[in-house]
Amino acid sequence: MRIIRLDQQSKENLLADLLKRDPNNYGSYEARVQAIVEDVRQRRDQALFAYTEELDGVRLDRESIRVTEEEIQEAYSQVAPELVTVMGHSLENIRRYHEKQKRNSWFESGPDGTILGQKVTPLASVGVYVPGGKAAYPSSVLMNIVPAKVAGVPRIVMVTPPGRDGKVNPVTLVAAHLAGATQVYKAGGAQAVAALAFGTESIPRVDKIVGPGNIFVALAKKAVYGHVSIDSIAGPSEILVLADDSANARYVAADLLSQAEHDELASAILVTTSMDLARQVAGEVDRFVARLSRREILEKSLENYGYILVADSMEDAVSAVNDIASEHLEIVTRNPFEVMTKIRNAGAIFLGEYSCEPLGDYFAGPNHVLPTNGTARFFSPLGVDDFIKKSSIIYYSREALEAVHEEIQCFAEAEHLTAHANSIRVRFEEE
């Protein structure tokens, strides 16, 4: 990994480099994605089945596109019981954490005859996109479905691309069943996102679409936003480790690589106040990469977006961390809790040398669907709030409105909205 002295210029260069990974930069794919989305919107099942055959190599119809109870039971028979048990434990941790996020409706009455409040309502339906292919990510299934269940969403529709055999990856299917998906469909790519957004004869439309996917999925979610809600346009994975000279170089190197192995666009950054640690970590990274299974991806990822920044002070280091606003932030310092209070921008914060990033990916309970590409400056992790909506409640008695009606009319007339003013005035015109 390259070692760079942290200063204003190196920080600006790094931020500009990281922004190249933003999915919004992949304009060359947008026309193709838009065409698929519009085709599914117009031709519905006919287009959905045609793209599934063309892109996934599977011929489906209205009978075979939906996963059956028999297929779910078959999936259980193909997954090791110990993995089912582990997923159950992870699910319980995720549920317990997200239960703390639940909101209640509230109402407040005043002595002047007013009642104000907020009504919290779960979304009626949510679509969860789950990547398919050779890899299976049951952890993402749990992270996207469980908070929706906790929020009280009654219909949770999952879509995932089928394999060449026309079946869903069994681990993915078991995770969906454990988490509580109400329907699972064999559909992927931009065509599946369009089906969720607009509905087809086979797949009912939903109110919101969540879940990760490739660039086609990300751009499709962007294309349908406004017709439905979405969680975010997720970019490649990223990790930032903030460390002082007390950190274990071997642990830090292992944690950086835990995200660099995702794909060639993943970023892994160490910000430290110790040049000695920087050199030790660089050496440990080289030794790990030489023997890890995804060596080619790791080497390309580190070549593209792997950095070790050496700061003159912890204050400078923290400032850089806040500017980068990483998806995952590990703080490995003598007093990580004190340093944490100075962090403004991060998706998830891991404190201490034993709180490594994969703990959050799989088991601890907080959601691993996190803001990327610097959007932790204004976005939050996926949670229960993403699956509810809030309505304002307003009640005024005649006496309460009478006390303020002239002020409201004054405000409306100042904006030259005479019908607004008249709506108030007619209620007191007899006076």
Side-chain angles (χ1 to χ4, degrees), residues 22-24 30 33-34 36-38 40-41 44 48 94 98 101-105 118-131 140-160 176 179-185 187-200 203-235 327 347 366-393:
D22 190 335
N24 289 310
E30 284 192 287
V33 169
Q34 189 63 53
I36 292 173
V37 168
E38 191 57 34
V40 173
R41 184 179 187 180
R44 306 173 76 193
L48 176 62
I94 297 166
H98 287 83
Q101 299 179 346
K102 290 179 70 173
R103 293 174 180 261
N104 296 314
S105 300
Q118 182 172 269
K119 184 178 183 292
V120 175
T121 308
L123 300 182
S125 57
V126 167
V128 176
Y129 187 93
V130 176
S140 284
V141 177
L142 302 182
M143 292 289 182
N144 280 278
I145 293 178
V146 171
K149 291 291 288 186
V150 170
V153 177
R155 185 164 64 86
I156 302 172
V157 180
M158 191 181 95
V159 294
T160 188
T182 49
Q183 293 134 18
V184 180
Y185 293 93
Q191 62 271 21
V193 173
L196 289 173
F198 302 113
T200 72
I203 299 179
R205 67 171 297 178
V206 298
D207 296 323
K208 184 165 187 171
I209 302 172
V210 301
N214 61 20
I215 187 62
F216 290 94
V217 172
L219 291 176
K221 288 168 70 177
K222 180 181 177 183
V224 301
Y225 178 64
H227 299 283
V228 292
S229 179
I230 62 172
D231 50 354
S232 64
I233 308 295
E327 176 188 18
N367 211 288
H368 79 197
V369 181
L370 302 166
T372 57
N373 285 106
T375 59
R377 292 178 294 113
F378 45 82
F379 278 152
S380 304
L382 190 74
V384 171
D385 277 357
D386 289 285
F387 300 102
I388 63 170
K389 54 193 179 73
K390 292 163 278 190
S391 302
S392 303
I393 303 297

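Heavy atoms only: backbone and side chains are in, while hydrogens, waters and symmetry mates are out.
The closest donor-acceptor contact from the side chain of Asn144 to the backbone of Tyr129 lies at 3.5 Å or more, if one exists at all. The backbone N or O of Ala195 lies less than 3.5 Å from no partner atom in the side chain of Thr200, so there is not a single donor-acceptor pair. No side-chain donor-acceptor contact under 3.5 Å links Lys221 to the backbone of Ala234.
Between atom NZ of residue Lys102 and atom CG of residue Asp385 there is a gap of 12.5 Å, rounded to the nearest 0.5 Å. Rounded to the nearest 0.5 Å, atoms CG (Asp231) and NZ (Lys208) are 6.5 Å apart. Atoms CD1 and CG, from Ile233 and Asn373 in turn, are 11.0 Å apart once rounded to the nearest 0.5 Å. Interatomic distance, CD1 of Ile145 versus CD1 of Ile156, reported as 6.5 Å (0.5 Å rounding). Separation of atoms CD1 (Ile388) and NZ (Lys119) is listed at 11.5 Å; rounding is to 0.5 Å. The structure places CD of Gln118 at 6.5 Å from OG of Ser392, a figure rounded to the nearest 0.5 Å.
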Inset, instruction - May I have the step-by-step check of side-chain contact (heavy atoms from CB on, under 4.5 Å) for Arg103 and Val384, ending in yes or no? - result: CA-CA 8 Å; Arg103 293 174 180 261; Val384 171; over 6 Å; no

Inset, instruction - In sequence, state the C-alpha distance, the side-chain angles, and the governing distance for Val228 and Arg205, and then conclude on side-chain contact (heavy atoms from CB on, under 4.5 Å). - result: CA-CA 9 Å; Val228 292; Arg205 67 171 297 178; 4.3 Å; yes

Inset, instruction - Let me see the working for Val193 and Phe216 under side-chain contact (heavy atoms from CB on, under 4.5 Å), right down to the final yes or no. - result: CA-CA 10 Å; Val193 173; Phe216 290 94; over 6 Å; no

Legend entry - Steps toward side-chain contact (heavy atoms from CB on, under 4.5 Å) verdict (Lys149, His98): CA-CA 10 Å; Lys149 291 291 288 186; His98 287 83; over 6 Å; no

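Using a 4.5 Å heavy-atom threshold, the side chains of Ser229 and Lys389 count as separate. Looking only at side-chain heavy atoms (C-beta outward), Leu382 and Phe387 come within less than 4.5 Å of each other. Side chains of Val224 and Phe198 form a contact here, defined as non-hydrogen atoms less than 4.5 Å apart. At a threshold of 4.5 Å between non-hydrogen side-chain atoms, the residues Leu48 and Ile203 count as touching. At least one side-chain heavy atom of Pro204 sits less than 4.5 Å from a side-chain heavy atom of Gln183. With a 4.5 Å cut-off on side-chain heavy atoms, Pro147 and Asn367 count as touching.
Between Val120 and Ser105, the shortest heavy-atom distance links the atoms N-OG, 2.8 Å. The two atoms that bring Ala376 and Gly347 nearest to each other are CB-N, 3.8 Å, heavy atoms only. Minimum interatomic distance between Pro366 and Met143 (heavy atoms only, all atoms of both residues): O-CE, 3.5 Å. The nearest pair of heavy atoms linking Val37 to Ala223 is CG2-CB, 4.4 Å. Nearest heavy atom pair, residue Pro154 against residue Thr182, reads O-CG2, 3.6 Å.
Evaluated for a side-chain contact (heavy atoms from CB on, under 4.5 Å) with Val126, the options Val206, Asp386, Val210 yield exactly one hit, Val210.
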